[in-house]
Amino acid sequence: DDLDTTNFCHFICDLMPKIALAGECRKGIPIVVEPPSQPFQQELLDRVSERLGHPIVLLEPGLELEVGRLFYLRRATGIHPLLRCSGLAIHWLRDLLDVRPAAAPENSLLFLGRSSRRRVLNEAALVTALQRHTPKLAVVHQLGKLEVREQAQLIARHRVVLGPHGAGFTHLLFAGETPQLALELMAEGNGSLAFALISGRLGIDHRIHVA
């Protein structure tokens, strides 16, 4: 497919719902995909194979396939992936990961830091200010180093999620009763309302602050 395979949001919201559709065509259907380039992709594909019984076939040079019937599912272009992720796809993804986090403590806040583009330039000062308001502040900079279920559980264990616009907010898809509030920091002219749309579907109070 023609998506950014390194981007968590695109993989979750573009490729995974198509795998769900392929599985509805026929149970146990082999699913041919590009080789995973990130650990989170391999983890999710393994989960599809283990839980749903679909063999995952990696499209690599030299691969020979005898094809009797082929379903090719291509994404729509020009629309942000989260805007294409339907309520049914969200339900399928939530069921696939089966995230069941513990209840989130009062005043618990998670800051999703970024070290690359869209980072908060005065992040240290911001974190210090947040700590004055709640001692239950957690800061994570390398969310992608965790397994996907751990990432989803970490976010769901906090009442409030705060951070600059980025793929980390995709995990709101897996929210249960928490988070209840998402605070998204967005640079002027750089970002979209896609994550707020997901929050709207799940009843999360989502506020965007433009800096």
Asks: Indicate yes or no: at least one non-hydrogen side-chain atom of L173 is less than 4.5 angstrom from one of C13.
Replies: yes
Asks: From Q153 CD over to F174 CZ, what is the distance, rounded to the nearest 0.5 angstrom?
Replies: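 If we round to the nearest 0.5 Å, Q153:CD and F174:CZ are 11.0 Å apart.
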Asks: Hey, are the side chains of V57 and I31 touching, using non-hydrogen atoms and a 4.5 Å cut-off?
Replies: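 No, every pair of side-chain atoms sits at 4.5 Å or beyond.
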Asks: Indicate if I155 and V160 have the same hydrophobic cluster label, given that clusters are the connected sets of ILVMFWY residues with side-chain heavy-atom separations under 4.5 angstrom.
Replies: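 As far as the 4.5 Å side-chain criterion goes, V160 and I155 are not connected within one cluster.
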Asks: For the residue pair E43 and V148, what are the closest heavy atoms and their distance?
Replies: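 Here E43 and V148 meet closest at OE1-N, 2.8 Å.
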Asks: Using every non-hydrogen atom in the two residues, find where A156 and P179 come nearest and quote the distance to one decimal.
Replies: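 The pair with the smallest heavy-atom distance is CA-CD, 4.2 Å.
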Asks: Answer with yes or no whether the hydrophobic clustering places L58 together with L52; edges join I, L, V, M, F, W, Y residues whose side-chain heavy atoms lie under 4.5 Å apart.
Replies: yes
Asks: Is there a side-chain contact between R51 and D98 (heavy atoms, below 4.5 Å)?
Replies: yes
Asks: Check each of H209, H165, R207 against E184 using the side chain to side chain donor-acceptor pair (under 3.5 Å) test, and report the only one that passes.
Replies: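 With E184 as partner, side chain to side chain donor-acceptor pair (under 3.5 Å) holds for just one option, H165.
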Asks: Does atom CD of E60 have more than 12 heavy-atom neighbours, drawn from other residues, nucleotides or ligands, at distances under 6.0 Å?
Replies: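 Yes - once you tally the heavy atoms of other residues, nucleotides and ligands closer than 6.0 Å, there are more than 12.
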Asks: When rounded to the nearest 0.5 angstrom, what distance separates CG in L197 from CG in L202?
Replies: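 Rounded to the nearest 0.5 Å, the CG-CG separation comes out at 9.5 Å.
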Asks: Are L146 and F40 grouped together when hydrophobic residues (ILVMFWY) are joined by side-chain heavy atoms under 4.5 angstrom apart?
Replies: yes
Asks: Please report, to 0.1 Å, the donor-acceptor pairs under 3.5 Å made by any side chain of residues 120-130, with sequence neighbours excluded.
Replies:
unit_1, atom_1, unit_2, atom_2, d
E123, OE2, H141, NE2, 2.4
T128, OG1, A124, O, 2.9

Asks: When rounded to the nearest 0.5 angstrom, what is the spacing between CD in E150 and NE2 in H171?
Replies: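 Atom-to-atom, E150:CD and H171:NE2 are 10.5 Å apart.
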Asks: Report yes if some heavy atom in the side chain of L96 is under 4.5 Å from a heavy atom in the side chain of M16; otherwise report no.
Replies: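 In short, these two side chains touch, coming nearer than 4.5 Å.
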Asks: With side chains defined as the heavy atoms from C-beta onward, is the minimum distance between L93 and L44 less than 4.5 Å?
Replies: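 With C-beta onward as the side chain, the pair stays apart.
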Asks: Is there a continuous path of hydrophobic side-chain contacts, each under 4.5 Å between heavy atoms, that joins L181 to L112?
Replies: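 No, L181 and L112 fall in different hydrophobic clusters.
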Asks: Does I198 reach the side chain of F169, with side-chain heavy atoms less than 4.5 Å apart?
Replies: no
Asks: Can you tell me how far CD1 of I56 sits from CZ of R47, rounded to the nearest 0.5 angstrom?
Replies: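 Reported value, rounded in 0.5 Å steps: 13.5 Å.
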Asks: Answer yes or no: is there a donor N or O on one side and an acceptor on the other, between the side chain of T134 and the main chain of N107, under 3.5 Å?
Replies: yes
Asks: Could you state the interatomic distance from NE2 (H91) to CZ (R201), rounded to the nearest 0.5 Å?
Replies: 14.5 Å
Asks: Quick one: does any side-chain atom of S108 pair with a main-chain N or O of R159 as donor and acceptor, under 3.5 Å?
Replies: yes
Asks: Can any side-chain N or O of R94 pair as donor or acceptor with the backbone N or O of A175 at less than 3.5 Å?
Replies: yes
Asks: Between Q151 and F8, does the side-chain contact (heavy atoms from CB on, under 4.5 Å) criterion hold? Intermediate values first, please.
Replies: CA-CA 11 Å; Q151 296 177 38; F8 184 82; 4.2 Å; yes
Asks: What pair of heavy atoms forms the shortest contact from L97 to R149, and how long is it?
Replies: O-NE, 2.5 Å
Asks: Is there a side-chain contact between F11 and T170, using heavy atoms and a 4.5 Å cut-off?
Replies: no
Asks: Are the side chains of L172 and H206 in touch, meaning some heavy atoms are under 4.5 Å apart?
Replies: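 Yes - at least one pair of side-chain heavy atoms lies under 4.5 Å apart.
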Asks: Would you say L183 and F195 are hydrophobically clustered, going by side-chain heavy atoms of ILVMFWY under 4.5 Å?
Replies: no
